[in-house]
Amino acid sequence: MATPVGAPRQLLRRLREVMAARESVQARLDKVVVLIASNMVAEVCSLYLRRRDGSLELFATEGLNPIAVHNTHLKPGEGLVGLIAEQAEPMQFPDAQLHPAFSYRPETGEEIYHAFVGVPILRGGHTIGVLTVQNRTKRQYSDEEVEALQTTAMVLAETIASGGLVTDGLTAEERPEGAARFSGTSISEGVALGHVVLHEPRIVVTRLIAEDVEVERRRLSQAIEDLTGAIDNMLERGDLARAGEHREVLETFRMFAHDHGWRRRLDEALLTGLTAEAAVQRVRNDTRARMLRMPDTHARDRLHDIDDLSNRLLRLLAGGIGTAAMGSLPQDSIVIARTMGAAELLDYDRQRLRGLVLEEGGTASHVAIVARALGIAALTGVKGALEAVEPGDAAIVDAEGGELHVRPTQEVVSAYADKVRFRARRQAQYAALRTVPPVTLDGERVALHINAGLLFDLPHLDQSGADGIGLFRTELQFMIAATFPRLEQQTRLYKAILDAADQRPVVFRSLDVGGDKVLPYFRGAIEDNPALGWRAIRMALDRPAVFRTQVRALLRAAAGRELRLMLPMIADVAEFEAARALIDRELTILKRHGRPEPKAIKVGVMIEVPAILWQLDRVLPLADFASVGSNDLMQFLFAADRGNSRVAERFDSLNPAGLKALKLIVEAAKRHGVPLNLCGEMAGKPLEAMTLVGLGFRSISMAPASVGPIKAMVLSLDASELAKRLDELLESKTTSLREDLRRFAVEHGVQV
Ligand code: PEP
Ligand code: MG
């Protein structure tokens with residue numbers, strides 16, 4: 001390990017003074033090289049900076065011929081300087097002239113120098129320049145000297161990039177520029193124009209040089225301890241979904257955070273006189289540069305992990321800065337994140353949030369559901385977005401075309417402004433349908449309900465002209481709370497919902513937590529497969545206190561009115577019976593206390609675990625209604641995690657296998673005369689909803705923004721015609737019916 005050296009720290013302090021001086025860029029750079037040369041007892045110190053064309057230009061030198069300044073250019077990879085830039089690695093040669101890559105430039109007069117050491121000037125993993133030192137004698141530079149030179153290069157890089165030393169034509173300014181376009185998958189329809197906000201703010205390191213190395217060391221080791229503690233904690237609690245984290249990512253963080261090599265490099269950087277923040281930045285730069293040179297794409301994928309981890313550490317060093325939701329948001333925010341949990345999205349001020357862009361996450365994940373509930377345009381799977389943006393950049397989220405535009409040109413902005421106007425016109429057309437009953441061309445009434453979960457969803461009921469609330473996800477209230485909502489709080493929310501719904505039906509679903517819906521204050525056991533784990537009704541029956549409190553709140557809120565309560569994740573008839581018995585017990589208690597009862601209590605079964613498909617003839621007679629949770633049903637039928645973008649889109653919900661399962665449910669419900677609804681995301685997509693009506697569904701429930709388009713579809717559909725076509729297709733095809741159904745829609749003028 002390097003021993004503390006006084007010289008670099010002195011050098012850094014002097015550097016800071018030189019660079020802060022009110023002088024021309026050239027004058028300051030000239031002083032910088034003199035300073036470094038004298039500090040390293042070298043005859044030569046030269047600074048090369050990369051120009052936009054990729055060449056390296058000699059910008060300042062002490063010791064080489066001054067004529068060469070701005071006249072010596074090296075092409076990428078040319079000479080030792082080009083080699084260092086390309087390899088992004090320090091190199092030293094006791095006799096440089098013997099090296100095959102040595103490129104002699106007569107104008108420099110460097111033939112008298114033998115020893116050579118050079119380090120890359122790195123910014124964001126890219127080489128923006130090279131700093132070299134030369135001596136006449138053939139000598140080996142010590143590790144400490146190379147390290148000190150690297151630290152100097154880092155300080156130079158930060159100063160250059162922060163605008164302190166930028167001159168025209170340099171690539172030193174790392175700020176991405178120019179219009180860029182990315183594609184992704186829409187998770188919530190809409191088009192949003194606004195400005196980039198990074199969900200996890202990047203910290204700009206401004207204090208580079210340490211006043212007291214010991215203090216910086218303590219700060220860094222405390223921050224690392226906090227970071228590893230937080231990661232270990234998250235992994236132990238399995239609290240992955242709140243932050244939208246994947247176990248794999250956290251495991252990688254843990255590996256890095258405990259990595260001795262990483263810690264040693266941080267320590268070494270600190271010893272050269274950097275602040276804790278600057279040391280983190282320097283090690284990140286070096287690691288990034290190393291990884292960028294690796295041909296293996298897996299290593300490149302891990303760049304993200306290093307960035308994330310370093311960012312977290314920097315935020316901890318800055319005093320534990322939270323996500324952007326905690327700060328003040330610009331009016332028209334487009335939030336960009338690698339991943340995000342549903343609860344985190346709910347932390348944002350929705351008045352200012354226009355769009356959401358995620359690099360990872362599935363379309364049926366809960367963050368997607370919340371984005372739809374908030375009515376913001378959202379995309380997922382937008383690879384490379386984070387790296388290409390800076391906070392404040394103009395951006396357009398086109399969740400119809402599946403595109404993100406960053407720093408769009410004026411033409412693109414005007415095209416989108418037109419698109420937004422067009423959408424507004426279409427919304428106005430949908431609004432005109434608000435009071436028109438959704439009846440198909442052949443006279444079938446299709447009830448259209450909305451999915452909701454929070455108080456702010458309520459105005460949507462009137463605005464959309466929906467028939468009622470087909471799914472009220474009670475867990476959202478639990479997910480955004482800091483502790484379990486008490487009986488009174490729950491009662492208040494349920495009552496407000498029923499009041500707002502007036503006479504329209506509201507289907508409350510009992511608490512569906514577990515899986516990817518994690519309560520920050522509730523420690524579950526570690527589960528390898530949380531989606532298949534202890535969740536929803538399983539929790540309710542094993543620990544009935546929470547369920548019973550909720551039922552009590554619902555019974556109180558529904559006094560004198562009808563209460564509809566549906567039970568999620570029923571896999572076995574006995575579970576339904578046990579839950580119903582608990583509801584009856586609560587009703588008995590309510591009566592015993594002389595409290596007003598609901599006018600009627602209807603208990604429904606959710607059909608979302610495949611096992612229940614073969615128990616329909618037993619469970620339906622016990623239920624007052626049934627509702628298909630197609631998100632989970634499809635996830636389990638195809639064994640494809642709805643939150644994992646790698647597999648979530650692999651199987652189409654318009655696959656005959658899934659559709660046959662839905663048909664089976666429709667037929668069973670008809671047989672038993674049980675009202676049936678479907679409340680998964682399928683219901684809000686016109687082509688899928690058309691198919692559902694063709695299969696016989698007469699009640700579906702969706703995000704409020706979908707009601708207009710779905711109503712337009714219903715009004716233009718001949719349901720019996722489609723039913724006939726579907727019968728044929730289901731028997732003749734084995735892969736997705738999407739194209740066939742689209743053709744049907746086009747041929748029959750169905751608005752999808
Ligand atoms: C479903 O699974 O389709 C459903 C409606 O419930 P959730 O998405 O909340 O799991
Ligand atoms: Mg579900």
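Order of appearance sets the numbers: ligands from 1, and atoms from 1 within every ligand. The structure displayed is predicted, hence computed values, not measured ones.
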Strictly below 4.0 Å, N to O, side chains only: are [X] and [Y] in salt-bridge contact?
{"X": "Glu681", "Y": "Arg372", "result": "yes"}
{"X": "Lys599", "Y": "Glu562", "result": "no"}
{"X": "Asp462", "Y": "Arg504", "result": "yes"}

### Message
Which residue is it: Val628, Val609, Ile612, Leu678? I am looking for the one with a side chain to side chain contact (heavy atoms under 4.5 Å, CB included) to Leu633.
### Response
Val628
If you measure only the distance, is there a donor-acceptor pair under 3.5 Å linking the side chains of [X] and [Y]?
{"X": "Ser701", "Y": "Asn451", "value": "yes"}
{"X": "Asp617", "Y": "His672", "value": "yes"}
{"X": "Thr474", "Y": "Gln550", "value": "yes"}

#### Entry: Glu681 near ligand 1 by a heavy-atom separation under 4.0 Å
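Not so, Glu681 does not reach ligand 1.
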#### Entry: Min heavy-atom dist Arg642 to ligand 1 below 4.0 Å
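Arg642: in contact with ligand 1 (<4.0 Å).
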### Query
For Asp632, what is the atom name of its N, O or S atom nearest to the Mg ion (ligand 2)?
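Nearest to the Mg ion (ligand 2) within Asp632's N, O and S set: OD2.
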### Summary
Among N, O or S atoms, Glu608 approaches the Mg ion (ligand 2) most closely through OE1
### Query
At under 4.0 Å between heavy atoms, which part of Leu633 makes contact with ligand 1: side chain, backbone, both or neither?
neither
Hey, which atoms in ligand 1 end up nearer than 4.0 Å to a heavy atom of [X]?
{"X": "Gly680", "answer": "3 (O)"}
{"X": "Leu471", "answer": "5 (C)"}
{"X": "Cys679", "answer": "5 (C)"}

### Task
Report yes if Arg509 has an N/O atom closer than 3.5 Å to an N/O atom of ligand 1; otherwise report no.
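Arg509 vs ligand 1: N/O contact under 3.5 Å present.
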